[in-house]
There are 2 protein chains.
Amino acid sequence: MFEPITIKDIAKALGLSTSTVSRALRGGYEISAETKKLVLEYAEKINYHPNPIALSLKERRSHSIGVVVCEVANNYFSQAINGIESIAYNRGYHVIITQTHESYDREVVNVQHMASRSVDGLLVSLSSETQDLSHLKYLHDKGLPIVFFDRVAAEIETHKVVANNYKGAFDATEHLIQSGIRKIGHLTSSWYLSITIERLEGYKAALAKHNIPFNADYLQHCDHGGMIQDEVENAVKHLINLPDKPEAIFVAGDRLSTGCLIALKKLGVKVPLDIAIAGFTNSDFAELFSPPLTTVRQPAFKIGQIATEMLIQLIESKYPVTEFETKMLDTELFIRESSEFGVPIVQ
Amino acid sequence: MFEPITIKDIAKALGLSTSTVSRALRGGYEISAETKKLVLEYAEKINYHPNPIALSLKERRSHSIGVVVCEVANNYFSQAINGIESIAYNRGYHVIITQTHESYDREVVNVQHMASRSVDGLLVSLSSETQDLSHLKYLHDKGLPIVFFDRVAAEIETHKVVANNYKGAFDATEHLIQSGIRKIGHLTSSWYLSITIERLEGYKAALAKHNIPFNADYLQHCDHGGMIQDEVENAVKHLINLPDKPEAIFVAGDRLSTGCLIALKKLGVKVPLDIAIAGFTNSDFAELFSPPLTTVRQPAFKIGQIATEMLIQLIESKYPVTEFETKMLDTELFIRESSEFGVPIVQ
DNA sequence: GTGAAAGCGCTAACAC
DNA sequence: GTGTTAGCGCTTTCAC
């Protein structure tokens with residue numbers, strides 16, 4: 001279909017060999033200034049661009065980095081992706097985004113496809129289904145640079161970038177407690193995800209600090225991280241139908257928070273009159289909600305940036321890196337009306 | 001870094017030539033059933049996967065399709081992308097997503113990069129800055145299959161998939177009129193985008209039908225399609241500060257709609273008490289807003305699916321396609337409280 | 001039915 | 001300073 005210009009065309013036109021042209025183009029010091037100029041000008045004139053596929057085949061690298069997230073239709077991840085691109089773009093890397101839709105199988109396929117396409121490194125946030133890490137471990141052991149962000153893998157030793165989930169959850173829960181609420185439900189994702197564990201601990205710690213016993217009935221897991229609205233709705237129903245029903249729910253995920261509000265609205269439960277809500281979300285619209293939603297917001301853009309910087313550093317390191325680091329960034333608590341239990345909303 | 005298994009390894013291990021192995025793997029009919037079985041089983045056993053880069057270099061195609069959108073952090077586009085992936089994945093294509101952030105330069109870079117990476121085709125929604133189409137025209141003339149969706153290019157003849165923007169805008173505007181409002185502002189994107197033009201025409205047609213003269217003061221363009229909140233805020237300010245200020249605003253874009261609500265909230269203007277709002281958006285949260293937002297919703301997922309089917313059909317067509325089609329899908333109007341001018345909101 | 005060899009676009013070791 | 005050649009992994013003539 002295309003007849004792109006190759007180094008051969010230049011060589012032929014200028015009566016040179018392909019290697020001379022190649023060297024001239026990449027500024028090899030052995031080439032005379034004259035020839036160099038000739039080649040460069042001609043290449044410019046006919047708008048020559050090297051074929052990156054040929055380069056990848058030769059160099060076994062592609063100047064691109066692969067990203068694995070569950071969904072781009074998620075405020076946290078779309079913001080993180082923007083952070084990733086802002087760095088990658090300036091450093092000459094292209095970004096390939098793939099979605100797992102919270103499916104382990106999809107994650108494996110995506111990771112393998114990107115590896116076989118010679119991505120230079122991977123930025124990974126695990127799917128909510130992922131427990132077996134061998135697909136990543138294998139590549140990592142072979143030397144493929146991987147940086148985890150958000151949902152990280154404990155058993156793979158590499159750089160990781162996360163929000164301070166423990167503190168974010170602690171702050172939100174304590175805020176609810178300080179508003180006079182003692183019965184606080186917790187709606188969260190699959191039990192084995194790093195973020196789930198950390199946020200649960202923060203929640204428990206806040207309860208403990210204020211001498212509130214942890215009530216296992218108040219803990220609800222949605223294994224699909226809010227992707228399946230029915231799952232969320234059932235979890236919410238369970239909570240509000242408890243004999244000793246909670247006065248607030250602390251929600252531990254972006255999709256879960258919005259899903260929870262939609263479920264409550266559908267069930268006719270008024271927020272925060274009947275139940276108060278505070279949740280993790282990076283939605284820009286939390287303040288537009290009815291009622292405006294109390295949120296824990298993560299520095300998603302920054303997390304994306306830092307993870308990308310770390311990855312590029314790994315990629316470009318001349319020596320195998322053995323010292324790894326886990327960067328933790330603070331979340332921010334935005335207190336809005338949704339957490340004021342018992343108060344009706346009037347605009 | 002990697003030492004992936006190649007066809008050579010199999011050949012060596014089995015005492016065959018690489019060409020025999022290659023033929024056996026792709027089921028060449030000249031190969032004896034015996035050899036074929038031998039090769040296939042061994043390949044399976046050592047987990048052989050052909051190197052897609054080598055294939056791309058040879059075949060000049062990559063089994064991947066490139067997507068150009070302004071932003072993934074946009075409900076419409078993230079849903080469209082899910083539609084795209086749902087088809088591409090099943091047909092054996094991988095999807096490469098790029099964002100323009102509404103920048104023409106970024107669009108050119110992204111398109112060229114994907115072309116040089118031998119994407120088999122392109123799914124394009126133009127950036128709000130794009131007026132010059134030569135970067136796409138060039139590739140299209142060379143035979144690269146391109147399908148436009150959402151923001152389409154009039155001057156490039158190919159398949160296109162769009163929502164019925166005219167009717168969507170007409171319906172929303174007429175709904176406002178039928179609610180008793182005659183002074184309706186219109187907040188929209190750059191004047192040259194296809195969606196802007198179509199939605200403006202729908203808006204004007206509804207006014208005309210009800211004998212309301214078009215007032216140029218009521219028309220506000222945000223050239224960055226809602227990406228820059230200040231731009232939105234200024235446009236909103238302009239409208240509410242008019243001596244004969246509108247009683248409603250019909251907003252013609254996803255980011256614009258939410259941006260407009262945020263601006264009004266910041267300016268202390270109550271919706272719909274002081275001003276009614278109806279807008280294009282694919283947000284799943286429109287019903288959670290305060291007040292719940294009257295929206296025109298596009299079948300984004302379906303649009304993504306159809307565009308992808310059309311593109312794959314172009315890619316796989318044996319003969320050059322000369323008959324092109326523009327598919328138009330209906331929007332849906334969701335009437336909620338935000339369009340009830342003069343009514344205060346009580347939850 | 002199978003193997004040898006060329007070639008996709010490029011780079012680099014090795015001539016001269 | 002420049003040309004020749006081999007090779008990245010694969011497919012595909014062309015021989016036999």
Side-chain angles (χ1 to χ4, degrees), chain A residues 1-40 42-43 46-64 112-113 115-120 142-143, chain B residues 1-40 42-43 46-64 112-113 115-120:
Chain A
M1 173 206 0
F2 284 103
E3 287 309 331
I5 296 141
T6 73
I7 226 169
K8 229 172 171 174
D9 299 324
I10 302 181
K12 204 175 293 170
L14 264 38
L16 293 167
S17 77
T18 58
S19 42
T20 305
V21 174
S22 168
R23 277 183 283 237
L25 287 169
R26 28 193 33 244
Y29 65 99
E30 326 103 295
I31 305 296
S32 73
E34 208 179 348
T35 316
K36 225 181 244 179
K37 183 158 172 273
L38 193 68
V39 170
L40 254 26
Y42 185 71
I46 62 172
N47 194 27
Y48 166 82
H49 287 285
N51 179 333
I53 295 185
L55 281 176
S56 296
L57 183 59
K58 182 130 250 287
E59 298 179 2
R60 265 104 172 280
R61 60 175 299 191
S62 59
H63 277 282
S64 60
Q112 281 173 353
H113 173 252
S116 70
R117 283 257 154 218
S118 294
V119 291
D120 298 344
K142 290 259 189 194
Chain B
M1 175 206 358
F2 284 103
E3 287 309 331
I5 296 141
T6 75
I7 224 166
K8 230 174 172 171
D9 300 324
I10 303 183
K12 202 175 294 170
L14 264 39
L16 294 167
S17 75
T18 58
S19 39
T20 305
V21 174
S22 168
R23 276 183 286 238
L25 287 170
R26 26 192 37 242
Y29 64 98
E30 326 105 293
I31 304 294
S32 73
E34 208 179 346
T35 316
K36 224 181 245 179
K37 183 158 172 273
L38 194 68
V39 171
L40 254 26
Y42 186 70
I46 62 171
N47 194 26
Y48 166 81
H49 287 286
N51 178 333
I53 296 185
L55 281 176
S56 296
L57 183 59
K58 185 123 249 279
E59 298 178 2
R60 269 111 171 278
R61 60 175 300 193
S62 59
H63 278 281
S64 61
Q112 281 172 351
H113 174 252
S116 71
R117 282 258 155 215
S118 293
V119 291
D120 299 344

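These figures come from a predicted structure and were not determined experimentally. Note on naming: letters A, B, ... go to the chains in the order of the sequence lines (proteins, then strands), and numbering restarts at 1 for each one.
- No donor-acceptor pair closer than 3.5 Å links the side chain of B:Ser118 to the backbone N or O of B:Ser62.
- Base contact: A:Arg23 has a heavy atom under 4.0 Å from a base atom.
- The residue among B:Lys58 and B:Val21 whose nearest nucleotide of DNA chain C is located toward the 5' end is B:Val21.
- Among the protein residues, B:Gly28 comes within range of no part of the nucleic acid, since none of its heavy atoms lies under 4.0 Å from any strand.
- Of the residues listed (A:Leu38, A:Val21, A:Leu25, A:Thr20), the one engaging A:Ile31 in a side chain to side chain contact (heavy atoms under 4.5 Å, CB included) is A:Thr20, and it is the only one.
- B:Lys36 has its NZ atom 10 Å from the P atom of C:dT2, to the nearest Å.
- The separation between B:His63 atom NE2 and D:dC10 atom P is 15 Å, rounded to whole Å.
- On a pure distance criterion of 3.5 Å, a polar donor-acceptor pair joins the side chain of A:Ser19 and the base of D:dT4.
- Look at CD1 on A:Ile7: it is 18 Å from P on C:dG7, rounded to the nearest Å.
- In this structure, CD1 on B:Ile7 lies 13.5 Å from NZ on B:Lys12, to the nearest 0.5 angstrom.
- B:Leu14 places its CG atom 14 Å from the C1' atom of C:dT2, with the value rounded to the nearest Å.
- At whole-Å resolution of the value, CD1 in B:Ile10 and C1' in D:dT11 are 14 Å apart.
- The side chain of B:Thr20 sits closest to C:dG3 out of D:dG9, C:dG3, C:dC10.
- Residue side chain A:Arg60 does not reach the base of D:dG9 through any donor-acceptor N/O pair under 3.5 Å, judged by distance alone.
- Remark: of the listed residues A:Val39, A:Asp9, A:Ile10, A:Leu40, A:Ile10 is the sole one forming a side chain to side chain contact (heavy atoms under 4.5 Å, CB included) with A:Tyr48.
- The CG-P distance, from B:Leu16 to C:dA4, rounds to 11 Å in whole Å.
- Rounded to whole Å, atom P of C:dG1 lies 16 Å from atom CG of B:Leu38.
- For B:Thr18, taking side-chain heavy atoms from C-beta onward, the closest of the listed nucleotides C:dT11, D:dT11, D:dG1 is D:dT11.
- B:Tyr29 has its OH atom 12 Å from the P atom of D:dT12, to the nearest Å.
- Contacts of residues 49-57 of chain A with DNA chain D (heavy atom under 4.0 Å): A:Leu57.
- Within 4.0 Å of A:Tyr48, counting heavy atoms only, lie sugar-phosphate atoms of the nucleic acid but no base atom.
- Here B:Thr6 lies in heavy-atom contact (under 4.0 Å) with sugar-phosphate atoms only.
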